[in-house]
Amino acid sequence: MLTRKQAELLRFINERLQETGVPPSFDEMKDAIDLRSKSGIHRLILALEERGFIRRLPNRARALEVLKLPEMSSPSSRPGRNKFNPSVIEGDLGRVRPKTNEDDQYKSVLIPVMGRIAAGTPISAIQTNSHAISVSQDFLSHGEHYALEIRGDSMIEAGIFDRDTVIIKKQDNADNGDIIVALIDDEEATLKRLRRKGASIALEAANPAYETRIFGPDRVRIQGKLVSLIRRY
């Protein structure tokens with residue numbers, strides 16, 4: 001699964017290669033998808049390469065090869081014209097149905113594991129659905145859910161440790177104090193506690209070694225709320 005910015009960049013690179021046979025420059029990529037800096041483009045290219053969508057050709061400056069495109073878009077789509085939901089969490093998520101007295105068919109639910117997320121410095125985190133885990137309904141609320149594997153230690157005082165698996169209820173709003181999946185600048189995702197400060201949004205760690213990061217409301221989108229956690233020993 002790609003973030004919106006990753007998908008936009010991939011389509012732009014592919015379109016430019018089809019039109020001219022030459023990959024766009026970092027400046028052209030930055031302008032095409034409205035990023036503030038070329039360092040953001042570098043992070044996106046690394047993420048696309050790690051996910052197997054592009055390959056950088058050795059010994060050739062600026063040489064990129066597109067290996068595949070996201071299934072939800074056509075190769076000719078231009079950045080900004082795609083109509084799929086910009087949320088990075090898509091697809092068939094685990095849905096909890098109201099409990100009934102019929103058999104035991106709803107005592108557990110298969111929840112897709114959507115990749116890794118940072119509990120530390122934000123990273124390009126949410127990836128393709130790789131596998132699913134079975135979770136008891138007792139650990140879920142109503143609605144759609146997905147799971148993420150934790151990397152980092154910024155939430156240890158909230159009882160969330162490196163390599164834990166968190167269960168997230170998909171939603172685009174949350175209350176002050178909720179632990180959320182936050183998407184920053186449509187590019188990076190992190191697990192943090194939500195604090196609203198006037199018109200600003202603060203993403204608060206649960207580890208004194210990490211500073212609270214404050215953003216304007218247009219830079220952060222809520223992708224879900226933490227509802228439970230799984231730990232293997």
Side-chain angles (χ1 to χ4, degrees), residues 1-7 10 43-44 46-53 67-73 84-97 105-156 158-172 174 178-184 186-194 203 205-206 220-233:
M1 193 70 63
L2 298 180
T3 67
R4 183 164 66 93
K5 287 296 185 184
Q6 289 167 1
L10 179 61
R43 290 195 299 270
L44 291 176
L46 284 177
L48 289 171
E49 188 176 26
E50 289 173 356
R51 289 158 174 75
F53 286 92
L67 302 177
K68 62 181 178 179
L69 294 175
E71 293 180 0
M72 77 285 286
S73 62
F84 64 89
N85 191 325
S87 167
V88 298
I89 303 300
E90 299 174 346
D92 296 324
L93 305 184
R95 182 182 294 278
V96 176
R97 308 182 190 186
Q105 60 181 326
Y106 298 133
K107 283 191 174 179
S108 65
V109 179
L110 282 177
I111 303 295
V113 179
M114 304 299 292
R116 298 174 180 174
I117 190 167
T121 304
I123 57 174
S124 297
I126 300 176
Q127 306 175 18
T128 305
N129 175 2
S130 58
H131 62 285
I133 56 176
S134 181
V135 179
S136 168
Q137 275 201 28
D138 293 335
F139 293 95
L140 306 173
S141 54
H142 293 306
E144 294 179 278
H145 298 77
Y146 59 94
L148 293 167
E149 297 171 352
I150 293 295
R151 290 295 179 269
D153 62 356
S154 75
M155 299 301 291
I156 56 174
I160 302 169
F161 299 109
D162 185 48
R163 302 189 182 279
D164 282 348
T165 298
V166 290
I167 307 299
I168 305 295
K169 179 183 177 183
K170 184 183 178 184
Q171 58 186 66
D172 59 9
D178 286 343
I179 296 176
I180 63 165
V181 174
L183 182 65
I184 303 168
D186 288 326
E187 180 181 349
E188 298 173 325
T190 189
L191 187 79
K192 292 290 183 291
R193 194 178 299 278
L194 173 68
L203 300 179
V220 175
R221 289 192 295 122
I222 296 169
Q223 300 288 284
K225 180 179 111 173
L226 174 72
V227 295
S228 57
L229 177 147
I230 299 170
R231 179 171 299 147
R232 293 181 176 86
Y233 292 93

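Remark: Ile156 engages Asp153, Phe161, Asn207 in a side chain to side chain contact (heavy atoms under 4.5 Å, CB included) (not counting sequence neighbours). Considering only residues two or more places apart in sequence or on other chains, Asp164 meets the side chain to side chain donor-acceptor pair (under 3.5 Å) condition with Arg231. For Ser228, the side chain to side chain contact (heavy atoms under 4.5 Å, CB included) partners are Phe139, Ile167, not counting sequence neighbours. A search for side chain to side chain contact (heavy atoms under 4.5 Å, CB included) contacts involving Lys169 returns Ser141, His145, Gln171, Val227, not counting sequence neighbours.
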Exercise for review: Could you walk me through whether Arg151 and Arg163 pass the side-chain contact (heavy atoms from CB on, under 4.5 Å) test, one step at a time?
Suggested key: CA-CA 6 Å; Arg151 290 295 179 269; Arg163 302 189 182 279; 3.2 Å; yes

Practice item. May I have the step-by-step check of side-chain contact (heavy atoms from CB on, under 4.5 Å) for Leu183 and Val181, ending in yes or no? Key: CA-CA 7 Å; Leu183 182 65; Val181 174; over 6 Å; no

Practice item. Output, in order, the C-alpha distance, side-chain angles, deciding distance and verdict of side-chain contact (heavy atoms from CB on, under 4.5 Å) for Ile179 and Ile160. Key: CA-CA 11 Å; Ile179 296 176; Ile160 302 169; 4.1 Å; yes

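Nearest heavy-atom pair, Gln223 versus Tyr146, reported as atom, atom and distance to 0.1 Å: O-OH, 3.0 Å. When every heavy atom of Ser154 is checked against every heavy atom of Lys192, the shortest pair comes out as OG-NZ, 3.1 Å. Residues Ala206 and Ala158 come closest through the heavy atom pair CB-N, 3.7 Å. When every heavy atom of Ala182 is checked against every heavy atom of Val220, the shortest pair comes out as CB-CG1, 4.0 Å. Closest non-hydrogen pair, Asp162 versus Gly152, comes out as OD1-N, 2.9 Å. In plain terms, the two heavy atoms of Lys68 and Gly52 that are nearest each other are CE-O, 3.5 Å.
Judged by distance alone, the side chain of Asp172 and the main-chain N or O of Ile222 form no donor-acceptor pair under 3.5 Å.
Atoms CD1 and CG, on Ile168 and Leu140 in that order, are 11.5 Å from each other to the nearest 0.5 Å. Note that CZ of Arg221 and CD1 of Ile184 are 12.0 Å apart. Values are rounded to the nearest 0.5 Å. Of the inter-residue distances, the one linking Leu48 atom CG with Lys5 atom NZ reads 13.0 Å to the nearest 0.5 angstrom. We find the CG-CZ distance between Leu67 and Arg51 to be 14.5 Å, quoted to the nearest 0.5 Å.
Considering Leu148, Ile133, Ile150 as possible partners of Thr165, the one that fulfils the side-chain contact (heavy atoms from CB on, under 4.5 Å) test is Ile133.
Here the side chains of Leu44 and Leu10 are not in contact, with every heavy-atom distance at 4.5 Å or above.
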